[in-house]
Amino acid sequence: MKRLHLVTVIFIGLALSISGCAPKTNKVKTSANNNTTSTFNNNNNPYPGYTPPAGYPNPPSATPIDPHPDPYSSNNCGANSGLKGGGIGYGSGSEAGHADAGQTINYYKVNDPPVTAHGNGTGVTVWSSQTDLSPSISQSVFFTNSRFNLRVIPRVVTQGATDTRTGANCQFVPRPYQKLKVGVRLRRADLSTGDYYQFGVGDYNGDGDSDGIPINQASRVHEFQVPQGSNQPLVVEVLNLEWDWSCYEYETQNYCNVPGFCPWDRVWLSECVSVELQFSTDDTKDIVGIRTSDP
């Protein structure tokens, strides 16, 4: 483990930005639904026991990435690999929303340009809608009193990117991570705590480890508990980002399945990753997709 001491936790660069200006009607997604079937678990029904709510379209296809893409020809770990599968995606993120209450505008897409962030310690916020939005983006899109459904889509960090929150340069060549786990917290503006969920933690492929979310694939949709009693916009925070690249790095050196680094590790402090957030409120069409609470 000759390089174990060199590992410094790098934080994920979250590339987030909301398309459009203050009016909610400018922030729309217009792509068509993707309702093709999936071969997930060798079954044309990827969600046994799941039935979409009345009036909802079928969810996007489940897309397993397996075996794990390996960018290193020098990896000789073979059957001892700690990388496991390549994650499971639930659509491309371009699916149109569903008007379940007569809404005319689609769900919001916070990704233009993607927010970039360095790794950080457990529980440390790396991006916040309260402090890190572009001045051209209205906080009003985070108003809701009944619904806040959200999903995340990992993106590739571009060369020369800067940390969206701090402005610090991502000094190193972007690492070729293939999947992420992403923590998100929804809270009132006047409180420090709220409803927290980490995307990518489910083990739906049955390999004994968190599936993770593949690059350019959407996570399942999480239905957050909306805090009540405030007349201010809600706050979305990103924290607790994990990647699979640390495991790649050690297996390149033929250190296989290193505890604490395989299959998951916190993003290193010196590195950046990118994530897109998409969310729906009571004012928008709902995100179509399998929920985190479903089979």
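Just so it is clear, the values below take in all heavy atoms, side chains as well, and ignore hydrogens, waters and symmetry mates. Because the structure is predicted, anything quoted here is derived from the model rather than measured.
For the pair Tyr50 and Pro59, the minimum side-chain heavy-atom distance is below 4.5 Å. No side-chain heavy atom of Phe279 sits less than 4.5 Å from a side-chain heavy atom of Asn149. Ile88 is not listed as a side-chain neighbour of Ile65, based on a closest heavy-atom distance of 4.5 Å or more. When side chains are defined from C-beta on, Tyr107 does not count as touching Asp286, because their heavy atoms never get closer than 4.5 Å. Using a 4.5 Å cut-off on side-chain heavy atoms (C-beta onward), Arg187 and Val235 make contact. Counting only heavy atoms from C-beta outward, the side chains of Tyr204 and Tyr47 never approach each other to under 4.5 Å. Counting only heavy atoms from C-beta outward, the side chains of Val221 and Thr292 never approach each other to under 4.5 Å.
Under a cutoff of 6.0 Å and an axis angle of 45°, Arg266 and Phe261 do not form a cation-pi pair.
Taking the six-membered ring for Trp and thresholds of 30 and 60 degrees, Tyr56 and His98 have ring planes inclined between 30 and 60 degrees apart. Using cut-offs of 30° and 60° for the angle between ring planes, the Phe142 and Phe148 rings count as parallel. Taking the six-membered ring where tryptophan is involved, the planes of Tyr177 and Trp243 are tilted, since the angle between them lies from 30° to 60°.
Residues Val201 and Ile153 do not share a hydrophobic cluster, defined by chaining ILVMFWY side chains whose heavy atoms lie under 4.5 Å apart. Residue Trp245 is not grouped with residue Trp264 when hydrophobic side chains (ILVMFWY) are merged at heavy-atom distances under 4.5 angstrom, including chains of intermediate members.
A salt bridge links Arg188 and Asp190; the closest N-O separation between the charged side-chain nitrogens and carboxylate oxygens is under 4.0 Å. With respect to Arg151 and Glu95, a salt bridge is recorded, a charged nitrogen being found less than 4.0 Å from a carboxylate O.
For Thr284 (side chain) and Ile105 (main-chain N/O), no donor-acceptor pair under 3.5 Å exists by modelled atom type. Asn169 contributes no side-chain N or O that, together with a main-chain N or O of Gln171, makes up a donor-acceptor pair within less than 3.5 Å. Between the side chain of Lys181 and the backbone N or O of Asp211, no donor-acceptor pair lies under 3.5 Å. With hydrogens and angles ignored, the 3.5 Å screen pairs no side-chain donor or acceptor of Glu242 with any backbone N or O of Leu180. Using modelled atom types, no side-chain atom of Glu276 and backbone atom of Val152 make a donor-acceptor pair closer than 3.5 Å. Counting only distance, with no hydrogens or angles, the side chain of Asn257 and the backbone of Ser81 share no donor-acceptor pair below 3.5 Å. A distance-only check finds a donor-acceptor pair linking the side chain of Thr166 to the backbone of Ala168 [under 3.5 Å].
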Practice problem: Carefully, step by step, assess Arg165 and Asp132 under the rule salt bridge (Lys or Arg N to Asp or Glu O under 4.0 Å). | Solution: CA-CA 6 Å; Arg165 183 169 224 198; Asp132 305 323; 2.8 Å; yes
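When each of Asp283, Thr281, Asp282, Asp100 is tested with Arg147 by the rule side-chain hydrogen bond (donor to acceptor under 3.5 Å, both in side chains), just one qualifies, namely Asp100.
Note that CD of Gln225 is 12.0 Å distant from CD of Glu223, once rounded to the nearest 0.5 Å. Once rounded to the nearest 0.5 Å, the distance linking CD of Gln139 with CD of Gln130 reads 7.0 Å. Between the CZ atom in Arg220 and the CG atom in Leu150 there is a gap of 15.5 Å [rounded to 0.5 Å].
Here the shortest heavy-atom pairing between Ala161 and Thr116 reads CB-OG1, 3.9 Å. Between Cys247 and Gly82, the shortest heavy-atom contact is SG-C, 3.8 Å. Closest of all the heavy-atom pairs between Gln159 and Pro174 is OE1-CD, 3.1 Å.
The SG atoms of Cys262 and Cys256 do not sit under 2.5 Å apart.
Residues Ser94 and Ser92 have side chains that bring a donor and an acceptor to within less than 3.5 angstrom of each other.
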